[in-house]
Amino acid sequence: MGYKVAVVGATGNVGREMLDILAERAFPADEVVALASSRSLGQEVSFGDKILKVKALDTYDFSDTDICLMSAGGDASKEWSPRIGQQGCVVIDNSSAFRYDADVPLIVPEVNADAVVGFTKRNIIANPNCSTAQLVVALKPLHEAATIKRVVVSTYQSVSGAGKDAMDELFSQTRAVFTAGEVVQKKFTKRIAFNVIPHIDVFMEDGYTKEEWKMVAETKKMLDPKIKLTATAVRVPVFIGHAESVNIEFERPLSPEQATEILRSAPGVLVIDKRENGGYMTPHEAAGEDATYISRIREDATVENGLNFWCVSDNLRKGAALNAVQIAEVLVNRKLLNKARQAA
Ligand SMILES: NC(=O)c1ccc[n+]([C@@H]2O[C@H](COP(=O)([O-])OP(=O)(O)OC[C@H]3O[C@@H](n4cnc5c(N)ncnc54)[C@H](OP(=O)(O)O)[C@@H]3O)[C@@H](O)[C@H]2O)c1
């Protein structure tokens, strides 16, 4: 038997990618429904070789839908996810609205798939922030091998992480710079074309941004609350693909050769690490790919048991849509969906 799947936010960056990934991976769906705001009613989106007409979320009945892949932002999720869950449909949410709720599992299947069973309390499962998803895929096997004490991470995050309007802003600002036109700033607080901005999401009282805080809280929730992590999140003028510079201190020794071997056999990870010109991954090459790529693995000799590496992934895929579809696959493979109806 196939499932009925709704994609909310189907006209957005992540929603379109979700439709592509459901089709690519031949997800066992009898029916896929595309939903967005009433502004997009009747708009067409592609799903494999089919065209779907977008329906409005606020008039849609979820009572016979099994899975809702939600990617319509935090406000829409806060309003709709609990109501959808109460109808017996499992919501896999991409926003930050429920990530820190103790009754909502936060899942990266390569890291903590077993925790998915906790979804029955609210029928909601959270997807992590895009920069955390790729990070924990790399940290997990290394943590198992040598126990991570502390992580220092600096991110280089593409504009697609801020939605389709942000991609348009990079494009139009770049064109304006070349044609001596007016550089209009709406989505970002400073010009993003030919620039980098050390500010993603809102500022918090301690001087960190919410994006940086999310990386700390989500790594602790999914991997180990004892891991100390500090982050600097930076937006860069790249359309798709987030990169991260990662520095780790372990409890036990782990050589770069051992780390490379462990990462080479880790699920979801591909190591591209030749110590020569071009022997590493960049966001441009990772766009459209599923893996989390690790390059530049080397010892940090300034601390005991220190390691550095470079980590790149497609933020719309592993950072959002792919991870959500992988969670749906866990629900299907472990035959957990009937539990959602019982829980409702
Ligand atoms: N981009 C990433 O790398 C990434 C990674 C992880 C998580 N996320 C999260 O995923 C969500 C979507 O991100 P995105 O990049 O796809 O944004 P986006 O490109 O701006 O798309 C937003 C989508 O949400 C829909 N939407 C907005 N308000 C709605 C409402 N009230 N009711 C129904 N639909 C509504 C929009 O529909 P209309 O076209 O009709 O307005 C559109 O389809 C956000 O929560 C974001 O934080 C994104």
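Here the structure is a predicted model, which means the values were calculated and not measured. Start at 1 and go down the list; that is how both ligands and their atoms are numbered.
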task = Before accepting this row, confirm whether a basic side-chain N of the pair Glu17/Arg317 lies closer than 4.0 Å to the acidic partner's carboxylate O.
result =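 Salt bridge present between Glu17 and Arg317.
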message = With side-chain hydrogen bond (donor to acceptor under 3.5 Å, both in side chains) as the rule and sequence neighbours excluded, what pairs involving residues 151-168 come up?
response = Thr155-Gln157, Gln157-Glu211, Ser158-Ser160, Ser158-His242, Ser158-Asn315, Ser160-Asn315
message = My understanding is that only residues two or more places apart in sequence, or in another chain, count here; which of them pass ring-ring contact (aromatic ring centres under 6.0 Å, His included) with Tyr100?
response =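 Per chain and number, Tyr100 pairs via ring-ring contact (aromatic ring centres under 6.0 Å, His included) with Trp213.
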Distance (rounded to the nearest 0.5 Å) between Asn323 CG and Leu69 CG =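 If I round to the nearest 0.5 Å, the distance is 11.0 Å.
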key: Contact list for residues 316-336, test ring pair (Phe, Tyr, Trp, His ring centres under 6.0 Å), sequence neighbours left out   =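 Every candidate ring pair (Phe, Tyr, Trp, His ring centres under 6.0 Å) pair involving residues 316-336 fails, so no pair, neighbours aside, qualifies.
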message = Does any part of the side chain of Leu331, heavy atoms only, come nearer than 4.5 Å to the side chain of Phe119, both counted from C-beta?
response =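 The answer is yes, as the side chains (C-beta and beyond) meet within the 4.5 Å cut-off.
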List ligand 1's nitrogen or oxygen atoms that come under 3.5 Å of a protein nitrogen or oxygen, with the partner atom and distance.
| residue | atom | partner | partner atom | Å |
| --- | --- | --- | --- | --- |
| ligand 1 | 1 (N) | Ser160 | O | 3.0 |
| ligand 1 | 3 (O) | Asn315 | ND2 | 3.1 |
| ligand 1 | 16 (O) | Asn13 | N | 3.2 |
| ligand 1 | 16 (O) | Val14 | N | 2.8 |
| ligand 1 | 19 (O) | Asn13 | N | 2.9 |
| ligand 1 | 19 (O) | Lys164 | N | 3.0 |
| ligand 1 | 34 (N) | Ser37 | N | 3.2 |
| ligand 1 | 37 (O) | Thr11 | OG1 | 3.3 |
| ligand 1 | 39 (O) | Thr11 | OG1 | 2.5 |
| ligand 1 | 39 (O) | Ser40 | OG | 3.2 |
| ligand 1 | 39 (O) | Lys164 | NZ | 2.9 |
| ligand 1 | 40 (O) | Ser37 | N | 3.2 |
| ligand 1 | 40 (O) | Ser37 | OG | 2.6 |
| ligand 1 | 40 (O) | Ser40 | OG | 2.5 |
| ligand 1 | 41 (O) | Arg39 | NE | 3.3 |
| ligand 1 | 41 (O) | Arg39 | NH2 | 2.8 |
| ligand 1 | 43 (O) | Gly9 | O | 3.2 |
| ligand 1 | 43 (O) | Thr11 | N | 3.3 |
| ligand 1 | 43 (O) | Thr11 | OG1 | 2.6 |
| ligand 1 | 43 (O) | Gly12 | N | 3.1 |
| ligand 1 | 45 (O) | Gly73 | N | 3.3 |

